[in-house]
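Report on the following structure.
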Amino acid sequence: MTTPAIWRKAFDLIPSEYFGLNYDPSHFVWQQMDYIRPLYEFREKIFHVHYKDIKVYYDKLNDVGTMAYPLDYMSPKLPGLGDVDWGKYVSALTDIGYKGYSCIEIEDKAFEDSSERVLDALRLSYGYMRQFVI
């Protein structure tokens, strides 16, 4: 459900101040969409943001196309290890005055093989995002 067209329709159908978005830029990246512009249009409806990255493997995408199962051509990554431009993303959040909730979403196969690697993922993600978010 990550497209501005679907959001507009949903907000038309459910006109409630309690109905909003959990904004995750990585969902836009793997769909080959702009993840900055919608922040400005939907600024009043963003209730929560994710800091999760995604890496699109264009050689695989060029082989299977966008209609393939998404994990055939992309992989979720820790913030800073994928294709999201975190400076632009966080800058846009400050532009719109976002002061809501956020979380670092840890989803990266390279850090799932042990509890120590999960802790490494948390430390790395926290350290990386500290340069953008206080």
What's the separation between atom CG in Leu81 and atom CG in Leu124, rounded to the nearest 0.5 Å?
7.5 Å
Would you give the length of the straight line joining atom OG of Ser125 to atom OH of Tyr51, rounded to the nearest 0.5 angstrom?
12.5 Å
Closest non-hydrogen atom pair between Ser75 and Tyr57, with its separation:
CB-CE1, 3.7 Å
Can you tell me how far the OH atom of Tyr23 sits from the CD1 atom of Ile96, to the nearest 0.5 Å?
8.5 Å
Please answer whether the main-chain N or O of Ser91 pairs with a side-chain N or O of Thr94 as donor and acceptor at a distance below 3.5 Å.
yes
How are the rings of Trp7 and Phe28 set relative to one another: parallel (under 30°), tilted (30 to 60°) or perpendicular (over 60°)?
perpendicular
With sequence neighbours excluded, tell me which residues meet salt bridge (Lys or Arg N to Asp or Glu O under 4.0 Å) with Asp108.
Lys77
Expected output: side-chain Asn62 to main-chain Tyr58 donor-acceptor under 3.5 Å
yes
What one should report as the nearest heavy-atom pair of Asp53 and Gly80 is OD2-N, 2.9 Å
For Tyr101, is the OH atom crowded, meaning more than 12 foreign heavy atoms sit under 6.0 Å from it?
no
To check you understand the geometry: which heavy-atom pair defines the closest contact between Cys103 and His48, and what is its length?
SG-CE1, 3.5 Å
Among all residues two or more places apart in sequence or in another chain, which pass the salt bridge (Lys or Arg N to Asp or Glu O under 4.0 Å) test with Arg130?
none
Ion pair Asp120/Arg117, N-O distance below 4.0 Å
yes
Tell me if the aromatic rings of Phe19 and Phe11 count as close, with their centers under 6.0 Å from one another.
yes
Treat each ILVMFWY residue as a node, draw an edge where side-chain heavy atoms are under 4.5 Å apart, and state whether Met74 and Met33 are in one component.
yes
Please report the shortest heavy-atom distance between Leu71 and Pro76, naming the atom on each side.
CD2-CD, 3.8 Å
Do Tyr89 and Ile36 have side chains that approach each other closer than 4.5 Å (heavy atoms only, starting at C-beta)?
yes
What pairs with Phe132 under side-chain contact (heavy atoms from CB on, under 4.5 Å), at least two apart in sequence or on another chain?
Trp86, Val90, Tyr128, Met129
Not counting sequence neighbours, which residues clear side-chain contact (heavy atoms from CB on, under 4.5 Å) with Ser115? List them please.
none
Quick check: do Asn22 and His50 have side-chain heavy atoms less than 4.5 Å from each other?
yes
Could you name each residue pair satisfying side chain to side chain donor-acceptor pair (under 3.5 Å) that touches residues 30-47, not counting sequence neighbours?
Arg8-Glu41, Tyr40-Asp95
Reported CG-to-NZ distance for the pair Leu93 and Lys99, which is rounded to 0.5 angstrom:
11.0 Å
Exercise: identify the closest heavy-atom pair between Val49 and Tyr98
N-OH, 3.5 Å
Which residues pass the side chain to side chain donor-acceptor pair (under 3.5 Å) test with Ser26, not counting sequence neighbours?
Asp24
